[in-house]
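Report on one structure; see the data block that follows.
Computed over heavy atoms, backbone and side chain alike; hydrogens, waters and symmetry mates excluded.
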Amino acid sequence: LAVVLCLSGCAGRPDLPTEPPTSATEDTPQAAESEKFTQMTTEETTMPEIDTTEPMLLLTIDGTAVDVQWENNAAVTELYALAQNAITVNTSAYGGFEQVGSLPQSFSRSDVQMTTQSGDIVLYSGNQLVVFFGPNSWSYTKLGHISGLSADELTVLLDKDQTVIELQIKSK
C-alpha cells in the first residue's frame, strides 16, 4: 500500500476540467439524456482526483519500507522538496519510546501539544525527525503516521540503539 502525496497542486490542474461540460440547447431526447449525464457526472465527481503518476515520499527504517500517511502541512511540503535527493537520518534511541535524529536543515514548525502514539512521525525543534514506538507528551509538528504495522512490529523495528531512516521520492 503506497500513499500518494500530491503537493504540486492536484486541484486546479490545467489538464483537468474546472467546470462541467455544457449540454446541447436543443430540445431533443439526446439533449435531455446528455443533460442528465452531465448532472450525474458533476454530482459523482465532487471528490478530488488523485493522480497516481505523482511521485511518492517513501520512508525506510534500516532498509525496511513502511507505509506512511503524511500530513498536509508546510513542513511535509518542505521535506518532500528536499527529498528529491534521498535524505538519510541517523537516529538514536531516546527514552525507550522513540528514535530521534538530526535533519539536514530546519523546517517550518506548527507545534502543538500532543500525546504521540506508536507509529507517529514528528518534527521536534524544527530540525529533528522523531519516530515513535511508544507514547510521549510534548509539543511537536506532526509529519505523519506509519500505517499497517502493529505496535509490536514497530517496536521490533525501532527499539534498538540506532537506526537509519531514509526518505526519498519514488515514482510509481
Side-chain angles (χ1 to χ4, degrees), residues 1-13 46-172:
L1 174 59
V3 178
V4 175
L5 179 64
C6 185
L7 298 172
S8 59
C10 289
R13 286 182 19 193
T46 56
M47 294 296 292
E49 186 175 320
I50 296 174
D51 183 357
T52 56
T53 62
E54 286 289 321
M56 299 174 296
L57 184 58
L58 299 180
L59 184 137
T60 60
I61 301 169
D62 288 334
T64 301
V66 294
D67 292 329
V68 176
Q69 190 172 16
W70 295 102
E71 294 292 310
N72 183 14
N73 61 32
V76 172
T77 301
E78 294 164 7
L79 190 63
Y80 183 85
L82 186 65
Q84 299 300 316
N85 298 313
I87 302 168
T88 301
V89 181
N90 296 308
T91 65
S92 300
Y94 179 80
F97 51 82
E98 70 183 48
Q99 284 287 332
V100 60
S102 295
L103 290 161
Q105 69 180 46
S106 291
F107 294 88
S108 296
R109 296 167 62 175
S110 53
D111 294 347
V112 294
Q113 183 68 33
M114 68 176 74
T115 299
T116 61
Q117 301 175 28
S118 183
D120 281 345
I121 304 166
V122 302
L123 180 66
Y124 172 69
S125 292
N127 64 354
Q128 301 289 308
L129 180 72
V130 185
V131 181
F132 288 90
F133 58 94
N136 187 42
S137 292
W138 202 259
S139 187
Y140 301 109
T141 298
K142 189 164 183 183
L143 300 174
H145 182 82
I146 297 171
S147 59
L149 295 176
S150 69
D152 289 341
E153 291 169 318
L154 285 166
T155 299
V156 168
L157 273 176
L158 296 166
D159 191 11
K160 47 186 116 173
D161 290 340
Q162 298 178 331
T163 64
V164 176
I165 296 177
E166 188 171 82
L167 296 153
Q168 63 182 330
I169 301 299
K170 277 285 197 210
S171 294
K172 272 204 147 199

### Query
Does the side chain of S92 pick up a donor-acceptor pair with the side chain of Q99 at under 3.5 Å?
no
### Message
Can a donor-acceptor pair be found, under 3.5 Å and without considering hydrogens, that links the side chain of D159 to the backbone of F133?
### Response
no
### Query
Rounded to the nearest 0.5 Å, how far does CG of L103 lie from CD of Q128?
7.0 Å
### Message
For H145, is there any backbone N or O sitting under 3.5 Å from a side-chain donor or acceptor partner on D120?
### Response
no
### Task
Identify the heavy atoms of S110 and T141 that sit nearest to each other, and give their distance.
N-OG1, 2.8 Å
### Test applied, side chain to side chain contact (heavy atoms under 4.5 Å, CB included); reference residue, V131; option that passes from I121, T91, V68
I121
### Message
Centre-to-centre under 6.0 Å for Y124 and Y94, is that the case here?
### Response
no
### Query
Hey, are the side chains of I146 and I61 touching, using non-hydrogen atoms and a 4.5 Å cut-off?
yes
### Query
Looking only at atom types and distance, does a side-chain atom of W70 sit under 3.5 Å from a main-chain N or O of L57, one as donor and one as acceptor?
yes
### Task
Output yes when a side-chain donor or acceptor of E78 lies under 3.5 Å from a complementary backbone atom of S108, and no otherwise.
yes
### Task
Determine the interplanar angle of the Y140 and F132 rings, folded into 0 to 90°, and report it as parallel if under 30°, tilted if 30 to 60°, perpendicular if over 60°.
perpendicular
## Note on the structure
Contacts of D62 meeting salt bridge (Lys or Arg N to Asp or Glu O under 4.0 Å) (sequence neighbours excluded), chain-then-number -> K160
### Summary
Between L82 and P104 the two heavy atoms that sit nearest each other are CD2-CG, 3.6 Å
